[in-house]
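These numbers come from the heavy atoms of this one structure, side chains and all, not from hydrogens, waters or symmetry mates. One-based numbering, in listed order, for ligands and for the atoms of each. Since we're looking at a predicted model, the values are computed, not measured.
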Amino acid sequence: MRVAVTGRTGQVVSALVERGPLAGIDVLPVGRPDMDLADPSSVARALAAAEPDVIVSAAAYTAVDKAESEPELAHAINATGAGAVASAAARLGVPVVHLSTDYVFDGSKSSAYREDDPVHPLGVYGTSKLAGERAVAAATPDHAILRVAWIFSPFGANFVRTMLRLSETRDVVRIVADQQGGPTSALDIADAVLTVATRLRAGPVPELRGIFHLPPAGEANWASFAEAIFAGAGKRGRNPCAVEPITTADYPTPARRPANSRLAGERIAAIHGIALPDWRDSLETCLDRLLGPAP
Ligand SMILES: NC(=O)C1=CN([C@@H]2O[C@H](COP(=O)(O)OP(=O)(O)OC[C@H]3O[C@@H](n4cnc5c(N)ncnc54)[C@H](OP(=O)(O)O)[C@@H]3O)[C@@H](O)[C@H]2O)C=CC1
Ligand SMILES: Cc1cn([C@H]2C[C@H](O)[C@@H](COP(=O)(O)OP(=O)(O)O[C@H]3O[C@@H](C)C(=O)[C@@H](O)[C@H]3O)O2)c(=O)[nH]c1=O
Ligand SMILES: [Mg+2]
C-alpha cells in the first residue's frame, strides 16, 4: 500500500515516514514547492503524481497565535486547501484520512468531548480547521477525520521541545494550569493513522468513516505536562527547572484557547480497535530520542 501524506517536515508527516515502513507501507510526503495548499491548483496534480492508495491530510497552518493576524492565509490552507486535498482523493477514487484538532471546541464542557458534541471554536485556527473538516466531508464520503490534540514528538516545533529549550536558560517557567487536555505523541498518531488508512482501503464500509477522536490514555494540563517533561529531562542529566502554575488570565496570548481540550476515545476504540498508550510512556520514548535514554 502506498500512502501520500501532505507536508514535508511536519510532526505527523515525519512520524508517518518513520512508522510506515515498519507496517510495510510506503509513505510519500507531498508538499512545498510541488504542492502548496494555499494554491489549490497545485494540489490535484501533485497528489495524482504520487499514485496513492490512500491520502493522509496532515499539513496545516498550525501557528495558533499568528493565525489571529493572518485569518485569510489560515483559512486558505486549513479550509480551502484541505478541501482541495479531499477533492483530489475523490477524483483519484481513494480514501482520505484528515487530521483535525481539539480547538474546534470552546472547552466549556466539564467532561471529555465526544464526536457529536457541538463545535464552537474560540479562534482563527480552530475556525479554519472546522471549516476544513466540513470541506473534507463535502468533497468525499470516503473520509476519516481524526481529531487529535497537543501533539509532541522528536520532530519540528512542539511544547516538549519548547520546554527543553526554556530549561537551558531558566530555573523556573510559568505555565498555565487551567487548560486540560491529552498530550499526544505524533508517533502514536502515525500508527493509528496507518491502521485507519489500511481499514478504509480494504472496503467501502460506511461505519468506518466519519469523525473520530484520538486521545492518549491519561490526562494533563500544560503545567503538569511541563512538570513531567522536566522530571524526565532531570533523569537524563538536564538542569532542573521548576514549574510555576499560573492561570490563563496570567498568560495573555492573541488566541483564546479551550479550558477543556479532553477528547473521548470510545468511538475509535469500538470501530477501529485503536487505543493510544498513556502519554507519560510516550513522553519517555520522545525524551529518549531527544536527550538519550534515562540511566
Ligand atoms: N501540532 C499540534 O499540536 C496539533 C496539530 N493538529 C493537526 O494535526 C496535523 C498535523 O500537525 P503537525 O504535524 O503538528 O504540524 P506541523 O506544524 O508540525 O507541520 C505543519 C505541516 O504543514 C505543512 N504546511 C503548512 N503550510 C503548508 C502549505 N501552504 N502547503 C503545503 N504544506 C503546508 C508544513 O510544510 P513544511 O514541511 O513544508 O514546512 C508542515 O509539514 C495538522 O492538521 C494540525 O492542524 C491537531 C491537534 C494538535
Ligand atoms: C511557552 C509557554 C506556553 N504557555 C501556555 C500557552 C498555551 O496555553 C499552552 C501551550 O502553548 P503552545 O503554544 O504550545 O500551544 P498551542 O500552539 O496552542 O498548541 C495547540 O496547537 C494547535 C496546532 C493544536 O491543534 C492544539 O491541539 C494545541 O496543541 O502553554 C505557558 O503558559 N507558558 C509558556 O512559557
Ligand atoms: Mg503552537
Can you find an N/O atom of [X] closer than 3.5 Å to an N/O atom of ligand 1?
X: T62; answer: yes
X: T101; answer: no
X: T9; answer: yes

Side chain to side chain donor-acceptor pair (under 3.5 Å) pairs, two or more places apart, involving residues 76-93: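 Listed by first then second residue: N78-S128.
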
Once you restrict to heavy atoms under 4.0 Å, what part of [X] touches ligand 1? Side chain, backbone, both or neither.
X: A157; answer: neither
X: F155; answer: neither
X: K129; answer: side chain
X: L99; answer: both
X: I77; answer: side chain

Of V136, V30, I55, T140, which meets side chain to side chain contact (heavy atoms under 4.5 Å, CB included) against V85?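 Exactly one pass, corresponding to I55.
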
So is [X] polar-close to ligand 2, meaning N/O to N/O under 3.5 Å?
X: V176; result: yes
X: R174; result: yes
X: T62; result: no
X: Y125; result: yes

Between ligand 1 and [X], can you find any atom pair, the residue atom being a heavy atom, that is separated by under 4.0 Å?
X: D36; value: yes
X: Y125; value: yes
X: G156; value: no
X: A38; value: yes

When hydrophobic residues are tied together by side-chain contacts of less than 4.5 Å, even through go-betweens, does W150 share a cluster with V13?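 Hydrophobic grouping puts W150 apart from V13.
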
Is there a chain of hydrophobic side chains (I, L, V, M, F, W, Y, each step under 4.5 Å between heavy atoms) that links L287 to W279?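 Per the 4.5 Å side-chain linkage, L287 and W279 are co-clustered.
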
Hey, is the main chain of D36 close enough, under 3.5 Å, to the side chain of D39 for a donor-acceptor pair? no

Could you tell me whether the side chain of R174 and the main chain of P245 form a donor-acceptor pair under 3.5 Å?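 It does not hold such a pair.
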
What part of W150, side chain, backbone, both or neither, has a heavy atom within less than 4.0 angstrom of ligand 2? both

Looking at [Y] and [X], is there a salt bridge between them, counting it only when a charged N and a carboxylate O are closer than 4.0 Å?
X: R257; Y: D65; value: yes
X: E284; Y: K235; value: yes
X: R147; Y: D102; value: no
X: D53; Y: R2; value: no

What residue and heavy atom of the protein are closest to atom 5 (C) of ligand 1, and at what distance?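 I find the closest protein heavy atom is I151 CD1, 3.4 Å.
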
shortest atom 46 (C) of ligand 1-to-protein heavy-atom contact is with S100 O, 3.3 Å

For A149, take its heavy atoms, then give the atoms of ligand 2 lying under 4.0 Å from any of them.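 Selected atoms, number and element: 27 (O).
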
List every atom of ligand 1 that sits less than 4.0 Å from any heavy atom of [X], numbering the atoms from 1 in the order shown and giving each element.
X: G7; answer: 41 (O)
X: G10; answer: 13 (O), 16 (P), 18 (O), 19 (O), 37 (O), 40 (C), 41 (O)
X: R8; answer: 37 (O), 41 (O)
X: V12; answer: 10 (C), 13 (O)

Aromatic ring proximity, centroids under 6.0 angstrom, Y113 and H213: no

Is the ring centre of Y125 less than 6.0 Å from the ring centre of Y61? no

Can you tell which of [options] gets a heavy atom nearest to [atom]?
atom: atom 20 (C) of ligand 2; options: F152, Y103, F225; result: Y103
atom: atom 11 (O) of ligand 2; options: Y61, F159, Y251; result: F159
atom: atom 25 (O) of ligand 2; options: I175, V64, T101; result: T101

Taking the side chain as everything from C-beta on, heavy atoms only, tell me whether C241 gets closer than 4.5 Å to V172. no

Side-chain contact test, heavy atoms from C-beta onward, threshold under 4.5 Å: evaluate it for V3 versus L28 and give yes or no. no

